[in-house]
Number of protein chains: 2
Amino acid sequence: MATIKQVAKHANVSVATVSRVMNKSGYVSEEAKEAVEKAIAELNYAPNRVARSLYKKSSNLIGLIMPDITNPFFPQLARAIEDVANQHGYQVVLCNTDEQLEKEQTYLVALQTMHVDGLIITTNHSHNPNYETLDLPMVALDRIVKAGIDAVISDGYEGGKLAADTLLQRGATRLTHIAGPDHLKTVKRRTEGFVEVAGDKLVGMTESTFTFKDALKASQELFDHAWPFDGIFAANDVIAAAVLQEAVRRNIRVPEELQVIGYDGIELGEMTSPPLTTIVQPIYEMGRMATERLLDLIEKKDTQPKEMLLPVTLLERQTTKRKEK
Amino acid sequence: MATIKQVAKHANVSVATVSRVMNKSGYVSEEAKEAVEKAIAELNYAPNRVARSLYKKSSNLIGLIMPDITNPFFPQLARAIEDVANQHGYQVVLCNTDEQLEKEQTYLVALQTMHVDGLIITTNHSHNPNYETLDLPMVALDRIVKAGIDAVISDGYEGGKLAADTLLQRGATRLTHIAGPDHLKTVKRRTEGFVEVAGDKLVGMTESTFTFKDALKASQELFDHAWPFDGIFAANDVIAAAVLQEAVRRNIRVPEELQVIGYDGIELGEMTSPPLTTIVQPIYEMGRMATERLLDLIEKKDTQPKEMLLPVTLLERQTTKRKEK
DNA sequence: CCTTGATATGTAACCGGTTACACATTAAGA
DNA sequence: TCTTAATGTGTAACCGGTTACATATCAAGG
């Protein structure tokens, strides 16, 4: 690969002039500019980003820290982030932490020493010392790290209420719920909203992680102990899919005997039988906003911490009944 | 962040000595070593990877080029790659190209100018000029780029035969198939294997992309035109899920009336109702092997091009009948 | 005692960009 | 015509590491 020196020699100017035309900075004569552009084209030159990074202390890299890209909620987020980053000339470094503090810490130093310009974090323990001392632009996505760090989240509380409302309106009278992991504040809000509206119609509740296996186990327990019920809200779509599968296995008709609502709006919901009714959070949009916000932070456009709460909507597919008039 | 100079001053040695103890190279007295280690610990020093990259022309970064991480086959691959890379001190840069040559080209220069050490490619057009001139270690994963470039793929041909065999053995007599996109050689092999064994039992066949929407459309067409049939092999699990959903919608009992086999072994297959029987390729293993191979290439351990063909297995869940004795 | 090789350490060049600064030329304004 | 500011360009320092090379000390062998 050609270097700036070779370009300079080829164009009969100094490296400073080459740098100036590339960065459109300082004064350059029309003549010199053309010569440099010609040389760049002829040598197929592209500036070495590593060298630039070293001086500028900025790499045009952003770190994306998530628990596990294998969890079907995250790829869409990653996609949005990558799209926006790329449009602005940034690349993203993928980090799966499995929510392990130690892995996270290792990544954090790796990312810092490679001078990433910012971080998007979709992982947290309620108290994570790793981030608190970190002096790097960052935004939390779908998680809340701590006050003072920007966050983009969906309105889980309203989502939970909407789920209960919908179930009740469609004639359900005995509601149940499978909550998500206890340490995720954003997920807890869904449960709170649901419980509030469900009131004394709530006849059973359990808890599960977001893996399908665990969700299946939780579903079985719920069916074993709380049956009969005719409406269920799952803390996310994976859990809802497990509920659905277990219902089918038990020959419970959905939605006639049991109505099911999930949360997230991932593609998986389209693929179940019947397709899943769910509370959709605008996943791609959330990724987009988080990234744009991060880029603003990096370019110091706005340093006032913000929390962005996005509205959710009901997507009626076929695990709920038609609306009663 | 501290620099090597500060560490040197703090330990009362030169930067060269500091560098030597960090890299365990050259001669260093026990005394100096201890002083340096103490200084490193006290200043919480970690070497600047950008500076190191500039001199070494190696960044410990690998580029991962895939069509779309949102396609449920890829996250598991990405996860495996990231795991292995990380264990060896490498990070991965995620690139979604949507199979667009132009996007790919843009990424390629970005990746080159940031001096990534290697590439894993899971995307291709049968003839992609971008890679042919590229002088960078790379391995193709689940795709074949061209002879001379290492590839890790699963045995689609055997997989197709296995699917047909299984269907036939379980009493199916009228087989159909939904093939994948025509330009993917590895996917075509599945079809070839299936068709060969199915022989004159094959009563219908169509083609689809790997998006659920398209797959649903293809399924509907197949049901409209080729019904009745009692065994179907889909080129991947997403297509199989679409077939399943359409079958349920048409009140066709699975597996009693129609047996379905997919290909891939992604988690989604577990979540359908009933759970999907499928030909599983060892996805994580493939990602692992590709990455290990790439790292070998980077470290010049072995430069003889190789193609690794991994065996597939049948995972019997509930869309096929029990084996007849 | 002298030579030699192993051990130990520091100085400075280098990687490939960016930019402060010095210097030269030219045009405009007084 | 003289001053001043705008324009144009090159040299060299700098970013933070790595390493070639020079230099120094010391122990072993002849």
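Labels below follow one simple rule: chain letters A, B, ... track the order of the sequence lines, proteins then strands, and each chain is numbered from 1. Just so you know, these numbers use all the heavy atoms, side chains as well, and skip hydrogens, waters and symmetry mates.
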From the options [options], select the nucleotide whose nearest atom is closest to the side chain of [X].
X: Ser19(A); options: dT9(D), dT19(C), dT11(C); value: dT19(C)
X: Val28(B); options: dG16(D), dC21(C), dT9(C); value: dT9(C)
X: Lys57(A); options: dT9(D), dT7(C), dC15(D); value: dC15(D)
X: Ile4(B); options: dG17(D), dG16(D), dG10(D); value: dG17(D)
X: Pro47(B); options: dG17(D), dT9(D), dC21(D); value: dG17(D)
X: Ala51(A); options: dT9(C), dG17(D), dG17(C); value: dG17(C)
X: Val15(B); options: dT18(D), dT11(D), dC15(D); value: dT18(D)
X: Ala16(A); options: dG17(D), dT11(C), dT11(D); value: dT11(D)
X: Ala32(A); options: dT11(C), dT9(D), dC15(D); value: dT9(D)

According to a strict under-4.0 Å criterion, is [X] in side-chain N/O contact with OP1 or OP2 of [N]?
X: Asn23(A); N: dT18(C); answer: yes
X: Ser14(B); N: dT11(C); answer: no
X: Tyr55(A); N: dG17(D); answer: no
X: Lys56(B); N: dC14(C); answer: no
X: Thr17(B); N: dA8(C); answer: no
X: Tyr27(A); N: dT7(D); answer: yes
X: Ser29(B); N: dT9(C); answer: yes

When rounded to the nearest 0.5 angstrom, what distance separates OG1 in Thr106(B) from CD in Gln100(B)?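 The distance works out to 9.5 Å.
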In whole angstrom, give the distance that lies between atom [atom1] of [X] and atom [atom2] of [N].
X: Met114(B); N: dG16(C); atom1: CE; atom2: C1'; value: 16 Å
X: Arg20(A); N: dT18(C); atom1: CZ; atom2: C1'; value: 10 Å
X: Lys5(B); N: dA12(C); atom1: NZ; atom2: P; value: 12 Å
X: Glu30(A); N: dT7(D); atom1: CD; atom2: C1'; value: 14 Å
X: Leu43(A); N: dG16(C); atom1: CG; atom2: C1'; value: 15 Å
X: Lys33(A); N: dT7(D); atom1: NZ; atom2: P; value: 15 Å
X: Gln6(A); N: dC15(C); atom1: CD; atom2: P; value: 11 Å

Taking all heavy atoms of Leu54(B) and all of Val50(A), pick out the closest pair and write down the distance. N-CG1, 3.5 Å
Return the minimal non-hydrogen interatomic distance between Asp68(B) and Phe74(B), and the atom names on each side.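 In this case the closest contact between Asp68(B) and Phe74(B) is O-CD1, 3.5 Å.
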Validation row: Leu136(A), Leu111(A) side chains within 4.5 angstrom (heavy atoms): no
Check whether any side-chain heavy atom of Ser154(B) lies under 4.5 Å from a side-chain heavy atom of Met286(B), and answer yes or no.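 A side-chain contact under 4.5 Å exists here.
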On DNA chain D, more 5' by nearest nucleotide between Asn12(A) and Arg52(B) is Asn12(A)
Tell me what Met1(A) touches on the nucleic acid: a base, only sugar-phosphate, or nothing, going by heavy atoms under 4.0 Å. nothing
Select base, sugar-phosphate, or nothing to describe what Val50(A) touches, counting heavy atoms under 4.0 Å on all strands.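 Val50(A): no heavy atom of the nucleic acid under 4.0 Å.
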With a 3.5 Å distance limit and no angle check, can you tell me whether Asp117(B) reaches the backbone of Ser59(B) through a side-chain donor-acceptor pair? yes
Evaluate the salt bridge (charged side-chain N to carboxylate O under 4.0 Å, His left out) criterion for residues Arg143(B) and Glu99(B): first the C-alpha distance (whole Å), next the side-chain angles of each, then the deciding distance (0.1 Å), finally the verdict. CA-CA 12 Å; Arg143(B) 307 287 159 112; Glu99(B) 307 251 0; 3.3 Å; yes
Select from His115(B) and Glu31(B) the residue whose nearest nucleotide in DNA chain C is closer to the 5' end of that strand.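 Closer to the 5' end of DNA chain C: Glu31(B).
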Using only heavy-atom distances, decide whether a donor-acceptor pair under 3.5 angstrom links the side-chain of Arg49(B) to the base of dG16(D).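 When only heavy-atom distances are counted, Arg49(B) does not reach the base of dG16(D) through any donor-acceptor pair under 3.5 Å.
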